[in-house]
Amino acid sequence: MKKYQEFKQVQYPEIGENILAFWKANQIFEKSVESREGSQTFTFYEGPPSANGTPGIHHVMARTIKDVFCRYKTLRGFQVKRKGGWDTHGLPVELQVEKDLGITKDDIGKSISVEEYNQKCRETVMRYKNEWDDLTEKIGYWVDLDDPYITFDAKYVETLWYLLKKLYDKDLLYKGYTIQPYSPAAGTGLSSHELNQPGCYRDVKDTSITAQFKVKGEVDTYILAWTTTPWTLPSNSALAVGEKLDYVKVKTFNPYTFEPETVILARERMAGYFNPKAADISLEAYNPGDKLIPYKVLVTVKGTDLLGLAYEPLFPIETLALPHPAFTVITADYVTTEDGTGIVHLAKAFGADDFRTLVQQNVPGIFVKDELGNDIPIVDKKGKFIPVVGEYLLAKMKEHGIYGHKELGVDDFYVKNYPKDDEANPDYKSTDVIISIILKNENKAFKVEKYEHSYPHCWRTDMPILYYPMESWFIKTTAYKDKLVAHNKTINWKPEATGTGRFGNWLENLVDWNLSRSRFWGTPLPIWRTEDGSETLCIGSISELEAGIADAISKGFMEKSPYEGKEVDLHRPYVDDVVLASPSGQRMFRETDLIDVWFDSGAMPYAQWHYPFENQEIFEANYPADFIAEGVDQTRGWFFTLHTLSVMLFDSISFKNVIANGLVLDKNGNKMSKRLGNAVDPFKTLKEYGPDALRWYMLSNANPWDNLKFNEEGVAEVQRRFFGTLQNTYNFFALYANLDHFTYDTERAIPVNERPELDRWIISKLQSLIQDVEKSLDHYDATPATRVIMNYTVDQLSNWYVRLARKRFWRGDMNPDKQAAYETLYECLQTISQLMSPVAPFYAEWLYQNLTAGAREEGQDLATSVHLTNWQAANQDWIQDDLETSMKLAQDISSLVHSLRKKERLKVRQPLQKILIPVLSEKRKAQIQHVEELILSEVNIKAIDYIDDTSGILVKSIKPNFALLGKKYGPQMKLVSQKIQGWGKDEIAVIEQEGKIQISIGSNQVDILLEETLISSQDIPGWSVATESGLTVALDVTVTEVLKQEGIARDLVNRIQNLRKDMGLDVQDKIHITLANQSEEIDTAIRAFSEYIQTETQALELTFVRELPEGTLLDMDEFELTVLVEKV
RNA sequence: GGGCCUGUAGCUCAGGUGGUUAGAGCGCUACACUGAUAAUGUAGAGGUCCGUGGUUCGAGUCCACGCAGGCCCA
């Protein structure tokens, strides 16, 4: 019976399916976790995917990385639990449902109840779960899908509430403002997603103003700032310059009032404001009304020089007056000289940048108090100026005689959106225009013009949006900035730059985390407030909520609990129906916001275990994670929220090692998209190539943090080159092992040190390989690991070991030499199966099963699966550096001889007399002699002559070791180099004997040491020579009569072997050879080597005849020969 | 606009701390092998190391400024 299954054809996808079934039937994954019970844990956190969309090829990448290290750590003896999870809340789910139902956000709560809507979301969110599970299985990603955490689960949400309350209790949760797109026409905020709808950005012509801000304490000096939204000018409270930019003070005249004045703007922006034709006109020559306005640069200063400059507000409205440092010049890093004046007008309420900059620099903004004492901007939610401003504008209109198309009241100044009929009137003046005219009249405008730009519009009302302060709940992450930065430095990031650069910079420029989302399907903010906002309550658990409800019912605020008769669901609308009682007995309503879904996923270390309500010990044993991996796009997503929550709440990191992988692009480097049709379907690829080649390709092609240009041909190449070669090697082993009835048995194996040298060599290389793989995987570097395994398998094992050892497998009966060969090859294959198993789990398993099946039948006690084995550490005693060096020399020398043969057109079948190898040391000579036989047979040469100093023909040359000498002599290196390269054989002999030579550099005498030079051998005159990396080989190209004969004999053997094969003969079949007489020369050659020919071709007889009509005519390159081969 | 990544042979990628012939695989060309055979081996050709400046005795490598592609954030 065959102990090792042989395969003609291998179907890799089939291997995947069979092994998957094997794992399932034998519960290998479960066992790989259970069998490590009590061992040290290796904690992995699964970043939850959303099953709302179908999985793509990039998910194969991400999940392969996760899987590789979990499997590796298992082999290394750790217990690796992998709890799966699903991300179930958020905007994508809601949009999907809106699309499915053909509704918009407005309809929710109207044509469909929130309850029904959320039910729909709950159903939709797992829509593609089956596809996900299918992919997870098929790519061999081992993760526990039976007991995953699900973010919409009431227990999960309860933990989120607990964490939110913890933040609230630490005073880290507050209500504030953020500047967001707002549609005054629709009366609602817009998400960035809504703003990205096609058609939202439109080219519109707006009135733009370059306003003049009068500098305090200087005569007629003005700072120029440009805006496309003049209505924000009354809200101006600061001007920003760029620190490093150059600014000029220019003496000129106002083009509207013709007043002489000095203006300040960026030097690079002068071309936008001054006509070069006016450059030569003197200031004195100017007459009011002249088209060309002369100008003169007075002085150039840096932005920093303007810092702190105070100016007068454009609209001196008393109720809007502000204390210092309002109305001063500040700096901001985003100021450029691309347009405008290089000086930016800041209105705290109406620009996100403005708001952030002014908050950071503690500059107050223009706001008024509402009836509750809250700050509100001077444009109301309908998009109109508040009456205070309206009054001012009306007074100014009267003063300057400005008339619109109708009588305006104090409450009629819309800043952006107006009833449409208004614009048709020729006398129509927008608020922007009115402001422009006022400023022109008051010598406060330097330039007013129509400006066409792209501006966002509300997709529902078609009206322009405003950037407007919206109330939001924030987590005060900025309070923990230092700790976040410090803790981050203890995390091992792969690649490092993502941790220091992308993530590190993000932490350095931290802003408070805006938690609020005004949507329906998500974790509700557990905050209740009294209507006047004076009392606030944060609920941290279900029991707290229930107690609150009971209390509220007893006080008559609620009739009954929304949860009466059913399970508690913390989603909307139920929580919205809860009205609580405040300590002072007022009604409290929930703040309607949901929280950012990133909070959901960032809280998974706690929420997945329902901490602290359950599983406290499990949580503690699995926190922080040893390892996580996701795409680099998660830097500000999951990586950030995980980090932030753990630092703020537990003063700890939440992951120790992280791989941030890059994107998977198409083969041309373009982003994959379903719309463009260049997306690769993972299922199709799996079906064609199976999981292993795909996984191997993705990790071996490039480091995972570089973007991967996914090319199917690359997968095919990996399959052919690596898996194909490995498979061939196994098949070779199986073929002969079965013929010889060999079964591997550790107990009976010949000790490694008693095996032939070739065996000891490949085993030595194997130990080095194990060490290399270990080192790579320990450092979360999978790519080098795959590459060294591939190199070992293809170049060392298959192309060298198997080729050289081939004869040992087929020659004769079982003997110790043969046994050693089997054992060696078996051990190499088995070790490879273990080393490769994290990356190619299916094929590795298959190989392992094929290798061990026979032994297991014989009753040997072997692990059921390669994934249940323990890592076989390298055996240091088996590593033989000298042997590895010798073998490397053999490989290099063979390669050089092949190269020479090629050059001389001497085929390998033609034996040659000798090669010459110059050796510079006894050691080197010994190393080559060690493998001399091997080289000779490999390249079909009779002898090697070593040329050393005693031979008299060795010519040495010397050159400086730049790396060593450069450090020592630096600038004098050129001189030193010249001296050394000028040396001949006498100097070389001296330095070789004395170890040094004194030379003079300038006036100094210095010693050049032997080790500071590199001595190599030169070409050998009259010989065909090849040199590579310090190794030189010369070939004796003389073909003597005897050699020629042997060449002919070898050629004949080759032709006869071909004939045997063509005839379909078996390996053991014997033959008769009949040859037609040819020339004297050929006959002599064949007779001389007849014994050799017969042995090689298994011929019992070799006869010559005169005529051979039924023979085959052979082309022997230089002549022809008729031969007849007959089976005996 | 900002931060970060990438750019080396036709393609995919290696090239610690700067050191004098810049490598591998695939592809291509040629040859060899024919008892691993729908397999395999060997050799050869192929380079503006994205560009421009700079530092240095010496730069693919360090610095500056650009260019191209990508990601994230505005």
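Throughout, protein chains are lettered first and strands after them, A, B, ... in sequence-line order, and every chain is numbered starting at 1.
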Base, sugar-phosphate, or nothing for A/Arg901, non-hydrogen atoms under 4.0 angstrom?
-> nothing

Between B/C4, B/C13, B/A36, which nucleotide gets closest to the side-chain atoms of A/Ala702?
-> B/C13

Is the centre of the A/Phe733 ring less than 6.0 Å from the centre of the A/Phe809 ring?
-> no

Can the ring centres of A/Phe639 and A/Trp506 be said to be less than 6.0 Å apart?
-> no

Within the structure, does a side-chain N or O atom of A/Thr498 lie under 4.0 Å from either OP1 or OP2 of B/C5?
-> no

Is A/Lys959 touching bases, backbone alone, or none of the nucleic acid, heavy atoms closer than 4.0 Å?
-> sugar-phosphate

Any A/Arg720 side-chain N or O less than 4.0 Å from OP1/OP2 of B/G27 | yes

Pairwise P distance for B/C65 and B/C4, with rounding to whole Å | 12 Å

Have a look at A/Asn961 and say if it touches a base, only the backbone sugar-phosphate, or nothing, with a 4.0 Å heavy-atom cut-off.
-> nothing

Mind checking A/Gly714 for me? I need base, sugar-phosphate or nothing, with any heavy atom below 4.0 Å counting as a touch.
-> nothing

Which of B/G19, B/A32, B/A43 is nearest the side chain of A/Ser899? It is B/A43

Would one find a side-chain N or O of A/Asn701 under 4.0 angstrom from OP1 or OP2 of B/C13?
-> yes

Would you kindly give the CG-to-C1' distance between A/Leu708 and B/G69, to the nearest whole Å?
-> 15 Å

Ranking B/C5, B/A36, B/C26 by distance to the side chain of A/Asp706, first place goes to B/C5

May I ask you to evaluate whether A/Asn799 reaches the phosphate of B/G41, defined as a side-chain N or O under 4.0 Å from OP1 or OP2?
-> yes

With the side chain defined as heavy atoms from C-beta on, A/Asn1054 is closest, among B/U34, B/C71, B/C57, to B/U34

Which of these nucleotides, B/C26, B/A43, B/G19, is closest to any side-chain atom of A/Met973?
-> B/G19

Counting only N and O atoms by type, is there a donor-acceptor contact under 3.5 Å from the side chain of A/Asn799 to the main-chain atoms of A/Val794?
-> yes

Could you measure between the two C1' atoms, the one in B/G7 and the one in B/G15, and give it in whole Å?
-> 15 Å

Under 3.5 Å, is there a donor-acceptor pair between the side chain of A/Asp354 and the main chain of A/Ala347?
-> yes

Watson-Crick or G-U wobble partner of B/U61, both distances under 3.5 Å | none

Please confirm whether the backbone N or O of A/Val939 pairs with a side-chain atom of A/Arg901, one donor and one acceptor, at under 3.5 Å?
-> yes

Looking for any heavy atom pair under 4.0 Å, which part of the strands does A/Thr729 touch: base, sugar-phosphate only, or nothing?
-> base

C1' spacing across the pair B/A22 / B/U42, given as an integer number of angstrom | 23 Å

Please give, in whole Å, the distance from B/U40 P to A/Asp795 CG?
-> 13 Å

What is the distance from CG of A/Asp354 to P of B/A74, rounded to the nearest Å?
-> 15 Å

When all nucleic acid strands are considered with a 4.0 Å heavy-atom cut-off, which category describes A/Asn711: base, sugar-phosphate, or nothing?
-> nothing

Within the structure shown, what part of the strands sits under 4.0 Å from A/Asn505 by heavy-atom distance: base, sugar-phosphate, or nothing?
-> sugar-phosphate

Distance between C1' atoms of B/G44 and B/G27 (Å, rounded) = 14 Å

So does A/Asn791 get a side-chain nitrogen or oxygen closer than 4.0 Å to the phosphate oxygens (OP1/OP2) of B/G25?
-> no

Nucleotide of B/C26, B/A14, B/A36 approaching A/Ser798 most closely (side-chain heavy atoms) | B/A36

Of the listed B/C26, B/C72, B/A36, the closest approach to the A/Asp633 side chain comes from B/C72

For atom CZ of A/Arg787 and atom C1' of B/G23, their distance in whole Å | 12 Å

Give A/Val976 one of three labels, base, sugar-phosphate or nothing, depending on what nucleic acid heavy atoms sit under 4.0 Å from its own.
-> nothing

Roughly how far apart, to the nearest Å, are B/U52 and B/A43 at atom C1'?
-> 40 Å

Look at the side chain of A/Ser899 and the backbone N and O of A/Ser895, then say whether any donor-acceptor pair between them is shorter than 3.5 Å.
-> no

When rounded to the nearest 0.5 Å, the distance separating CD of A/Gln981 from OG1 of A/Thr1013 is 11.5 Å

B/G54 versus B/G18 - spacing of their C1' atoms, nearest Å = 15 Å

Given the rule in the side-chain hydrogen bond (donor to acceptor under 3.5 Å, both in side chains) test, do A/Glu1046 and A/Tyr1092 qualify, once you have shown the distances and angles that lead to the verdict?
-> CA-CA 10 Å; A/Glu1046 191 181 338; A/Tyr1092 162 76; over 6 Å; no

What is the distance from CH2 of A/Trp506 to P of B/C4, rounded to the nearest Å?
-> 15 Å

What integer number of Å spans the C1' atoms of B/C49 and B/U61?
-> 10 Å

Mate of B/U42 across any strand shown (Watson-Crick or G-U wobble, both atom pairs under 3.5 Å) is B/A30

Atom CG of A/Asn707 and atom P of B/A68: how far apart are they, to the nearest Å?
-> 18 Å

Let me know the distance between OH of A/Tyr730 and P of B/A39, rounded to the nearest Å.
-> 21 Å

What integer distance in Å separates A/Arg806:CZ from B/A36:P?
-> 4 Å

